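Everything below concerns the one structure shown next.
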Amino acid sequence: MTKGAPIYNRVALIGLGLIASSMSHALRAKGLAGEITGHARSAETRAAALEIGLCDRVYASAAEAVQGADLVVLAVPVGAMAQVAAEIGPHLAPGCTVTDVGSVKQAVIEMVGPHMPASVSFIPGHPMAGTEYSGPHSGFATLFVNRWWLLTPGVDTDPAAIARLQSLLESMGAKVNSMDPAHHDQVLAVVSHTPHLIAYTMVGVADHLAQVSNSEVIEYSASGFRDFTRIAASDPTMWRDVFLTNKDAVLDILGRFTEELFVLQRAIRMGDGDHLFDYFTHTRAIRRGIIEAGQDTAAPDFGRSGPPPKG
Ligand code: NAP
């Protein structure tokens, strides 16, 4: 990556896990921030952030970490956003931009918005990129490359502040789009939240099946179960908060999912092969569309070269 001029003089990362550490690596690699300060809840994470070089300085209090910053990124679980926003509100530099990376937007806006002073541009955001790993060691500079970063600014937000943030996100490799927060939450319920719930459920079902021994579940996992287990290994705190805060949209999509599942269940029971074939033909076309949009690899088995490592 080539370095350019910093877009922000001081970036404060509040929360130092997968998303914040990936941002730090990307900002450093491209020289996008003059300096980076940070805050995390535990002394262990703060020490790790210094050791890896994610931050120039870390603080035990979020209020101290944001002082003098022209960009503040809230990268804590959604359930912690309100507390963090209340703490930093009085200490934000006039004219600074505050963004967040939470996976749900309406709830975060309700939690954070009231604590933002009028002199600050609050631009809610969501990078649609992640892995099943968490913590300060899990980040990498290319996480956001060619991934969407959705922004849900209010209508009164300063366009110059949005353009500046957008240029930072694009410099990290992301593709940026803006949308209404309610629409964001509905879309995410379809493409991310409900699929995670289904993966958690499928792994739970296999675990509860007494007639299939654990060793068989693990040994034969490449038949599809393995991909569910990767998703179901995602951070429990983050996903608990997602379901608690995007409740209505997830329940709506889950209702539709259950209806479709019953239709497929009936087709199987009635031996309606035509229905199953047509349905699977349609879903295969959706997969092709995702590959054509550059959002996944066309390589067989997601490009895995051989059998999964054991142990
Ligand atoms: P993570 O790796 O689990 O890290 C969370 C960080 O937040 C940790 O540094 C943690 O500190 C800190 N934290 C938690 N509660 C806190 C509190 N009350 N006060 C201060 N710091 C606190 O999480 P992540 O995956 O980066 O996720 C961060 C945000 O990004 C979440 O809102 C999530 O919805 C969103 N997001 C995640 C993904 C994904 O795939 N992971 C994708 C897109 C968006 P300690 O380490 O000290 O506990």
Side-chain angles (χ1 to χ4, degrees), residues 12-26 36-52 54-55 58-66 72-89 98-112 115 124-140 142-145 147-152 169 172 174 176 181 184-185 187-189 191-193 195-196 199-200 230-246 250 295:
L13 300 173
I14 306 303
L16 294 166
L18 170 70
I19 300 296
S21 60
S22 296
M23 284 187 74
S24 169
H25 288 302
I36 303 176
T37 60
H39 160 75
R41 191 173 44 172
S42 69
E44 193 187 349
T45 298
R46 294 195 298 271
L50 278 185
E51 194 189 316
I52 308 165
L54 299 179
C55 303
V58 291
Y59 296 91
S61 95
E64 278 181 277
V66 302
V72 174
V73 182
L74 306 182
V76 296
V78 169
M81 293 281 181
Q83 172 225 320
V84 161
E87 191 186 336
I88 64 170
V98 176
T99 189
D100 77 288
V101 296
S103 305
V104 175
K105 293 282 49 92
Q106 287 179 109
V108 168
I109 291 167
E110 282 163 24
M111 289 174 192
V112 175
H115 300 290
H126 178 204
M128 292 184 63
T131 74
E132 64 275 33
Y133 297 105
S134 47
H137 294 280
S138 59
F140 51 99
T142 54
L143 178 65
F144 310 114
V145 173
R147 296 282 170 255
W148 283 107
W149 198 307
L150 302 176
L151 299 178
T152 64
L169 305 178
M172 292 195 298
V176 180
H184 167 279
D185 290 355
V187 169
L188 265 290
V191 301
S192 170
H193 303 169
H196 271 79
Y200 281 123
R230 186 190 66 74
I231 297 175
S234 300
D235 187 71
T237 304
M238 169 185 158
W239 285 95
R240 175 201 63 196
D241 290 357
V242 165
F243 292 118
L244 292 180
T245 55
N246 199 19
V250 169
Q295 295 300 304

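Computed from a predicted model, the values in this text were never measured in an experiment. Atoms within a ligand are numbered from 1 in the order they appear, just like the ligands themselves.
- Against a heavy-atom cut-off of under 4.0 Å, L16 is close to the following atoms of ligand 1: 6 (C), 8 (C), 9 (O).
- Interface of T45 with ligand 1, defined as ligand atoms under 4.0 Å from a residue heavy atom, comprises 9 (O), 45 (P), 46 (O), 47 (O).
- Proximity of a side-chain donor or acceptor of D185 to a complementary backbone N or O of K105 within less than 3.5 Å is detected.
- Atom 42 (C) of ligand 1 has its closest protein heavy atom at A129 O, 3.1 Å.
- Counting heavy atoms from C-beta outward, F144 and I19 have side chains that approach closer than 4.5 Å.
- Residue contacts with ligand 1: Y133 is placed with no nitrogen or oxygen under 3.5 Å of a nitrogen or oxygen of the ligand (distance criterion only).
- Closest protein heavy atom to atom 12 (C) of ligand 1: G15 CA, 3.9 Å.
- Note on ring orientation: taking the six-membered ring where Trp is involved, the planes of W239 and H196 are parallel (angle under 30°, cut-offs 30° and 60°).
- Here the heavy atom of the protein found nearest to atom 19 (N) of ligand 1 is V84 CG2, 3.9 Å.
- At least one donor-acceptor pair closer than 3.5 Å links the side chain of R46 to the backbone N or O of A40.
- How far CD of E51 is from NE2 of H137: 6.5 Å, rounded to the nearest 0.5 Å.
- Numbered from 1 in the order shown, with element, the atoms of ligand 1 that lie under 4.0 Å from a heavy atom of H39 read 20 (C).
- The shell of residues lying under 4.0 angstrom from ligand 1, judged by heavy atoms, includes T131.
- Of the candidates V101, V76, L18, V78, the one placing a heavy atom closest to atom 44 (C) of ligand 1 is V101.
- Scanning A60, S22, P127, S21 for the heavy atom closest to atom 43 (C) of ligand 1 points to P127.
- Using a 4.0 Å cut-off between heavy atoms, A80 contacts ligand 1 through its side chain alone, with no backbone atom that close.
- Under the 4.5 Å side-chain criterion, counting only non-hydrogen atoms from C-beta, S61 is in contact with E87.
- Ranked by closest heavy atom to atom 10 (C) of ligand 1, the top entry among E132, R46, R41, H196 is R41.
- Looking only at distances, no side-chain donor or acceptor of E64 sits under 3.5 Å from a matching main-chain atom of Y59.
- At least one side-chain heavy atom of L74 sits under 4.5 Å from a side-chain heavy atom of V112.
- The residue M128 has no part lying near ligand 1, judged by heavy-atom distances below 4.0 Å.
- Contact annotation: for T237 versus ligand 1, there are no heavy atoms closer than 4.0 Å.
- Remark: ligand 1 and G135 share an N or O pair separated by less than 3.5 Å (distance only, no angle test).
- Atom 33 (C) of ligand 1 has as its closest protein heavy atom S103 OG, 3.5 Å.
- Under a 4.0 Å criterion applied to the non-hydrogen atoms of G17, ligand 1 contributes the atoms 1 (P), 2 (O), 4 (O), 6 (C), 9 (O), 26 (O).
- The salt bridge (Lys or Arg N to Asp or Glu O under 4.0 Å) test applied to E132 returns R230, not counting sequence neighbours.
- T152 has its side chain out of reach of Q106: every pair of non-hydrogen atoms, C-beta onward, lies at least 4.5 Å apart.
- Taking every heavy atom of G102 and a limit of under 4.0 angstrom, the matching atoms of ligand 1 come to 32 (O).
- With hydrogens and angles disregarded, a donor-acceptor distance shorter than 3.5 Å links the side chain of S24 to the backbone of L54.
- In this structure, the side chains of V78 and L244 stay at 4.5 Å or more apart for every pair of heavy atoms.
- In terms of protein heavy-atom proximity, atom 26 (O) of ligand 1 is nearest to I19 N, 2.9 Å.
- When only non-hydrogen protein atoms are considered, atom 18 (N) of ligand 1 lies nearest to Q83 OE1, 3.2 Å.
- Remark: ligand 1 atoms within the under-4.0 Å shell around heavy atoms of H126 are 43 (C), 44 (C).
- With ligand atoms numbered from 1 in the order given, ligand 1 contributes 1 (P), 2 (O), 3 (O) to contacts under 4.0 Å with heavy atoms of S134.
- When only non-hydrogen protein atoms are considered, atom 40 (O) of ligand 1 lies nearest to G130 CA, 3.2 Å.
- The protein non-hydrogen atom at the shortest distance from atom 14 (C) of ligand 1 is P77 CD, 3.3 Å.
- Residues V66 and H39 fail the side-chain proximity criterion, which asks for heavy atoms closer than 4.5 Å.
- Close contacts of ligand 1 with A40, meaning ligand atoms under 4.0 Å from a residue heavy atom, involve 9 (O), 11 (O), 47 (O).
- With contacts defined as side-chain heavy-atom distances shorter than 4.5 Å, the pair P77/R240 does not qualify.
- Side chain of S22 to main chain of F140: a donor-acceptor pair is present (N/O by atom type, distance under 3.5 Å, no hydrogens or angles).
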